[in-house]
J.: 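So that we are looking at the same thing, I have put the structure below in structure tokens.
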Amino acid sequence: MTVFLKKTDYDRITAHARAGLPNEACGLIAGKTEGDQTIIEKVYLLANVDKSPEHFSIDPKEQLTAVRDMRTLGFVPLGNFHSHPSTPARLSKEDIRLAFDPKALYLVVSLAKETAVLKAFSVEHGTTRDLPLELV
Ligand SMILES: [Zn+2]
């Protein structure tokens, strides 16, 4: 499975992550799947109600509004993204523990270095899989 993300959405995600420092930032992603391609059509920049540099919880009200918007636009909820302010772009043990949906896409953006690093994963039975990500 290859994940396609618009360059403009990549920029919005990294800007949201930087704006959220020193805490983790988060949001939802929606779009469509065609064969083995997952196309991200819309990114929702949402609030981390945990206000923590080490974990996140998406604001439930904002989540509801985003999911309604996805339905209106005919997009499928694909998964979520969150930032790691000072750790690499890979899912933490906690992230994996909380990843219940094997079909969901998890994006992690690391701000540990000057240049942001964004990676895509899926998680099945506690095992993380790296997904190829293409900016379009
Ligand atoms: Zn994490």
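First listed ligand is number 1; within each ligand, the first listed atom is number 1.
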J.: Between H55 and D95, does any side-chain donor sit less than 3.5 Å from a side-chain acceptor?
T.: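 Per modelled atom types, H55 and D95 side chains form no pair under 3.5 Å.
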J.: Would you confirm whether E62, through its side chain, and A47, through its main-chain N or O, come within 3.5 Å as a donor-acceptor pair?
T.: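 Yes: the side chain of E62 pairs with the backbone of A47.
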J.: Can you list everything that forms a salt bridge (charged side-chain N to carboxylate O under 4.0 Å, His left out) with D59? Sequence neighbours excluded, please.
T.: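 Result, salt bridge (charged side-chain N to carboxylate O under 4.0 Å, His left out) vs D59: none returned.
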J.: Taking atom CG of D130 and atom NZ of K119, what is their separation to the nearest 0.5 Å?
T.: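 Reported to 0.5 Å precision, the distance equals 6.5 Å.
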J.: Establish, from distance only, whether the side-chain atoms of S57 and D50 form a donor-acceptor pair under 3.5 Å.
T.: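 Distance-only check passes for S57 and D50.
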J.: Would you please classify the geometry between the F56 ring and the H82 ring as parallel, tilted or perpendicular, with 30° and 60° separating the classes?
T.: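 If you compare the ring of H82 with that of F56, the planes turn out parallel.
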J.: What is the number of protein N, O or S atoms that sit under 2.8 Å away from the Zn ion (ligand 1)?
T.: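 For the Zn ion (ligand 1), protein nitrogen, oxygen or sulfur atoms under 2.8 Å: 4.
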